[in-house]
Amino acid sequence: MKNLKNFKHEKEFDTKTLISDTIESLRDTEPGSSDTREAVTLKELAQSRAEDADGKETLLYEPRPLTPDDDIYDEIIEQFATAPTKPKYWFEEFGDYWSCSCGHINKGDSCKNCGLERDLLRSLFILHKPAGEPGKLNKKLKSEKEKVDKEEKLHADKAERRRKREAESGSGLEVVPIEDSPESNKLPAPVSEKTSEPQIPAEIQNAPLKPHKPHRRAIILVTILVLIAMVTAAGAAIYVYLAAPAIKYEEALELQKNGKYSEAIKKFTALGDYQDCDEHIWECYVSIGDDYYNDGRFEDAIDTYNTAMDLKESDKLYDKIRKCHIAIGDKYYKNKKYKKALAAYASAAEMKESNSLQDKINAAKFGYVKVNLDDGSSTALKYMNELMDISYPGIQEIYDEYYEWHINIIANTTEEDYSTDLDTVSRKDTVFFHVLLSGGEPSEEIQLYYEISWPNGQSQIYDLDSTWKDGSKITAGFQYPIPLFGKEGQLTFNLYDKNTQELLGSDSITFRK
């Protein structure tokens, strides 16, 4: 059996180091001496074999970098989100050999540099293969690969022999050297059925059983399954907590953009406090209110704006609500519903007064006065006085007309009768003109005089020395001194304002035989 001492197994073939051509076969060495191989860089190896048949330098393998421009970059990085190392290169295979995402060239099931499994990387990178991948070794590198294969096999055999020696020494059995000959691999001859069974030493029978170690391939398989389960769980978690909300958020934004605000509100509300959903919900309510306003549905607009106000107060919303109240007032004013118009204008004024709004209020008051003043409405009188205080255009005429003196004259032959009105009397009768006075401003008094015209054309003027006011009654009587000689015809009574000489009222009665 050959003794291999201080055997140094070089790192597997990668892009940094290669085994030199000049490695000699393993040989027996004396104890204390060592036989090592010299490791050279790819560049030195290429220079040592500088030129091939056509005089060109041999091309060396370089791993293909993984860049953000690659289609699968984000998916790969996402899978390594929790891994201690991040991929830098593409996973590539060359038969038994493969290039890890860390750039290391390996043979076997896992990377000797970073420990990643070959099957795992294959499942991740198989999603997409980049165009024009390098991935092929030149002839010289293939020859070096074969040498590495041979040395790896020797190293594996040596490890197996060592394991057997350790197992045998632990049982107390004699160590038998293993010859490097075909016979050493032969199994012992089978025991004949007629021969007696071999006796097993007591030491071996009583020796404790060594725990069974799991097979390396089973461990790798379990590891891969665990990693796949972890990746699947991570993917599901990412979808639930990141991808799904993001998709729903984009859908809600699209609905809002297309004017489907009610549907957008439902989706934003379902997302809870995700990103700025509250702000978008507020914007949707404002937009719904704007649509109501543009359609003339001002009450609905106010309700919607108030809902938005509950979410977030804003001067912008106050202005919109105020505009709605003004629009409602304008609508009522146009339909001559002045009382309701004034109520809407008042709501707007409570939020913010302005000259333009006050003009609308005054116009509504003027309209109300014109419609309701003749009915003696106290509200109409109040509005009229308020408009008189500011000299509102047109109110003076209404005021004068409403407070002018009103005269009702009744002619008959009875001094106490203020209701019977006669057109004709005997010229022998005494004629009475009864005056009922009304009107004037509150507490206003007036001075009067009257003129009487007889059928013969003669007239007389008489002062009424007292002052008169609303509700006063005035009676004046007239008779021919000698009725027998009085002429037939009309007796006319005219009443005047002493201060302005304005005729307030007139009446007449006809004398007959």
Do NZ/NE/NH1/NH2 and the carboxylate oxygens of [X] and [Y] come within less than 4.0 Å?
| X | Y | value |
| --- | --- | --- |
| K267 | E263 | no |
| R122 | D119 | yes |
| E160 | R163 | yes |
| R64 | E92 | no |
| D330 | K334 | no |

Practice item. Kindly determine whether D497 and T500 satisfy side chain to side chain donor-acceptor pair (under 3.5 Å), including the steps that lead there. Key: CA-CA 6 Å; D497 183 341; T500 63; 3.3 Å; yes
Check your understanding: Is there a salt bridge (Lys or Arg N to Asp or Glu O under 4.0 Å) between D291 and R297 once you walk through the steps?
Key -> CA-CA 9 Å; D291 286 347; R297 299 169 60 182; over 6 Å; no
Exam field: side chain [X] to backbone [Y], donor-acceptor pair closer than 3.5 Å:
| X | Y | value |
| --- | --- | --- |
| W282 | K312 | yes |
| Q396 | P393 | no |
| D375 | S377 | no |
| N106 | H104 | yes |
| S472 | W468 | no |
| D470 | G439 | yes |
| D70 | L66 | no |

Practice item. Indicate yes or no: at least one non-hydrogen side-chain atom of M384 is less than 4.5 angstrom from one of Y403. Key: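 A side-chain contact under 4.5 Å exists here.
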Check your understanding: Is there side-chain contact between Y345 and Q358, with at least one heavy-atom pair below 4.5 Å?
Key ->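 Heavy-atom side-chain distance check fails, nothing below 4.5 Å.
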Practice item. Output, in order, the C-alpha distance, side-chain angles, deciding distance and verdict of salt bridge (Lys or Arg N to Asp or Glu O under 4.0 Å) for E166 and R162. Key: CA-CA 6 Å; E166 291 174 353; R162 183 184 299 111; 5.2 Å; no
Exercise for review: Take D290 and Y305, measure what side chain to side chain donor-acceptor pair (under 3.5 Å) needs, and give me the verdict at the end.
Suggested key: CA-CA 9 Å; D290 292 343; Y305 288 144; 2.5 Å; yes
Exercise for review: Could you tell me how the ring of F91 sits relative to the ring of W98: parallel (under 30°), tilted (30 to 60°) or perpendicular (over 60°)?
Suggested key: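 Plane angle between 30° and 60°, so tilted.
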**Study point:** Ring centers of Y292, F298 separated by less than 6.0 Å
**Key:**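 For Y292 and F298, the ring centres are not under 6.0 Å apart.
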Exercise for review: Tell me whether the centres of the aromatic rings in Y392 and F366 are closer together than 6.0 Å.
Suggested key: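 Yes.
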